[in-house]
Amino acid sequence: MKRMAAMLAGMMLMLGIGTTAQALTLTVTSGTESKTITDGQVGDMSGINGKISFMDMLVGNYLVTVESAQGFSHPYASWPQALHLSAVFTSSTLGGSLTFTLTDSGLSLPNLRTDLSPNALVKYGIGGSIKVGDQITNTITYSTDGTSTQQLPELSLINSGMSFHAEDSALIDLVNPFTLSEVVTIDFGRNRGTSSFDAGVDIIPTPEPATMVLFGAGLLSLAIYCKRRKNV
């Protein structure tokens, strides 16, 4: 049995046939350096499938701690949460920028209907604390064919206080399998010091029209019943 499996794998390799690999990666980039951590590989301290974490990693002039970089291509996380990224970082110089890119690939959304358009609801948001005058952006991209990439409306905030929060949602068309990325960029302006953020993406399959009609009819019936009970 093992010999047959090995022969099959060899034939697939020679013919250029393969399966979609599921991989959660986090890349942290400054103006001078870029470091990438892959789930379960060197540098990942979490020890849990589908989750990346590390402490006090030096990237250029920034000291970075990622408390949780979480995806759903592995059993650790489940729908509707697709991606979750929480980080704390310290800038030792004035100005500059720092970018976090969390990507999960080979993904399949349960109960995804390809005969509906749009067939998925994406909800995404970010919150945290940055210095006055600093700017943070949160960008969600996805790809359903492995080549072209589509982007959702960007969340962008210039902080005027100690904390910030923004969220948005969009209806999109997905085809299994697909790739999903969350990109968070902080422009430090004239500041140095410690900042943090917590960002997440949820994806929910769009209910079919018949289900929505039944749901609406159920709510209407319940309202009529309650009104009649009140009048008795």
Side-chain angles (χ1 to χ4, degrees), residues 23-39 43-44 51-72 77 81-105 107 122-143 148-170 172 178-203:
L24 176 68
T25 61
L26 174 63
T27 299
V28 184
T29 306
S30 70
T32 60
E33 190 175 12
S34 180
K35 292 185 178 181
T36 298
I37 305 295
T38 301
D39 182 23
D44 179 14
K51 181 181 180 181
I52 297 171
S53 65
F54 53 82
M55 293 182 62
D56 297 338
M57 182 174 73
L58 192 62
V59 185
N61 296 317
Y62 307 96
L63 191 64
V64 180
T65 292
V66 170
E67 300 172 349
S68 177
Q70 197 171 301
F72 60 92
Q81 185 179 77
L83 296 177
H84 174 246
L85 178 58
S86 178
V88 178
F89 42 92
T90 300
S91 172
S92 60
T93 60
L94 296 176
S97 66
L98 192 62
T99 298
F100 296 78
T101 303
L102 180 62
T103 300
D104 214 351
S105 59
L107 310 176
V122 181
K123 299 174 67 178
Y124 55 104
I126 186 169
S129 174
I130 54 177
K131 300 294 185 297
V132 175
D134 289 356
Q135 183 172 0
I136 189 165
T137 59
N138 185 26
T139 304
I140 310 300
T141 64
Y142 64 98
S143 175
S148 61
T149 300
Q150 300 185 64
Q151 178 179 318
L152 301 184
E154 181 182 81
L155 299 176
S156 180
L157 302 97
I158 298 177
N159 201 34
S160 58
M162 290 301 295
S163 62
F164 66 90
H165 177 78
E167 58 184 18
D168 203 350
S169 62
I172 63 173
F178 60 94
T179 297
L180 185 68
S181 295
E182 180 166 38
V183 183
V184 178
T185 299
I186 304 93
D187 292 311
F188 290 95
R190 61 183 185 274
N191 299 303
R192 63 163 62 95
T194 300
S195 303
S196 64
F197 70 84
D198 191 283
V201 185
D202 293 347
I203 304 182

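Because the structure is predicted, anything quoted here is derived from the model rather than measured.
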Stepwise, does the side chain to side chain contact (heavy atoms under 4.5 Å, CB included) test hold for Leu83 with Ile140? CA-CA 10 Å; Leu83 296 177; Ile140 310 300; over 6 Å; no
Between Ile126 and Ile136, is the side chain to side chain contact (heavy atoms under 4.5 Å, CB included) condition met? List the steps. CA-CA 9 Å; Ile126 186 169; Ile136 189 165; 3.8 Å; yes
Is the ring pair Tyr62/Phe188 parallel, tilted or perpendicular, if the boundaries are 30 and 60 degrees? parallel
Which class fits the ring pair Phe100 and Phe197: parallel under 30°, tilted 30 to 60°, perpendicular over 60°? perpendicular
Spacing of [atom1] belonging to [X] relative to [atom2] belonging to [Y], to within rounding of 0.5 Å:
X	Y	atom1	atom2	result
Lys51	Glu67	NZ	CD	9.0 Å
Leu107	Ile203	CG	CD1	8.0 Å
Glu182	Tyr142	CD	OH	15.5 Å
Gln70	Asp39	CD	CG	10.5 Å
Asn138	Glu167	CG	CD	11.5 Å
Thr141	Leu180	OG1	CG	7.0 Å

Keeping [X] on the side-chain end and [Y] on the backbone end, is there a donor-acceptor pair under 3.5 Å?
X	Y	value
Asp104	Phe72	yes
Thr25	Thr38	no
Ser196	Gly128	no

Taking all non-hydrogen atoms of both residues, which atom of [X] and which atom of [Y] are closest, and how far apart?
X	Y	answer
Leu58	Lys35	O-NZ, 2.7 Å
Gly60	Ser30	CA-OG, 3.6 Å
Gln135	Ser156	NE2-OG, 2.9 Å
Asp44	Ser53	OD1-N, 3.2 Å
Ile52	Val66	O-CG1, 4.0 Å
Val59	Val64	CG2-CG2, 4.4 Å

Qualifying residue for side-chain contact (heavy atoms from CB on, under 4.5 Å) with [X], from [options]:
X	options	answer
His84	Val201, Asp198, Asp202	Asp198
Thr194	Thr65, Ile130, Val88	Val88
Thr99	Thr27, Thr185, Asp187, Ile186	Thr185
Ser34	Thr101, Thr29, Val28	Thr29

Residues Ser181 and Thr103: side-chain donor-acceptor under 3.5 angstrom: yes
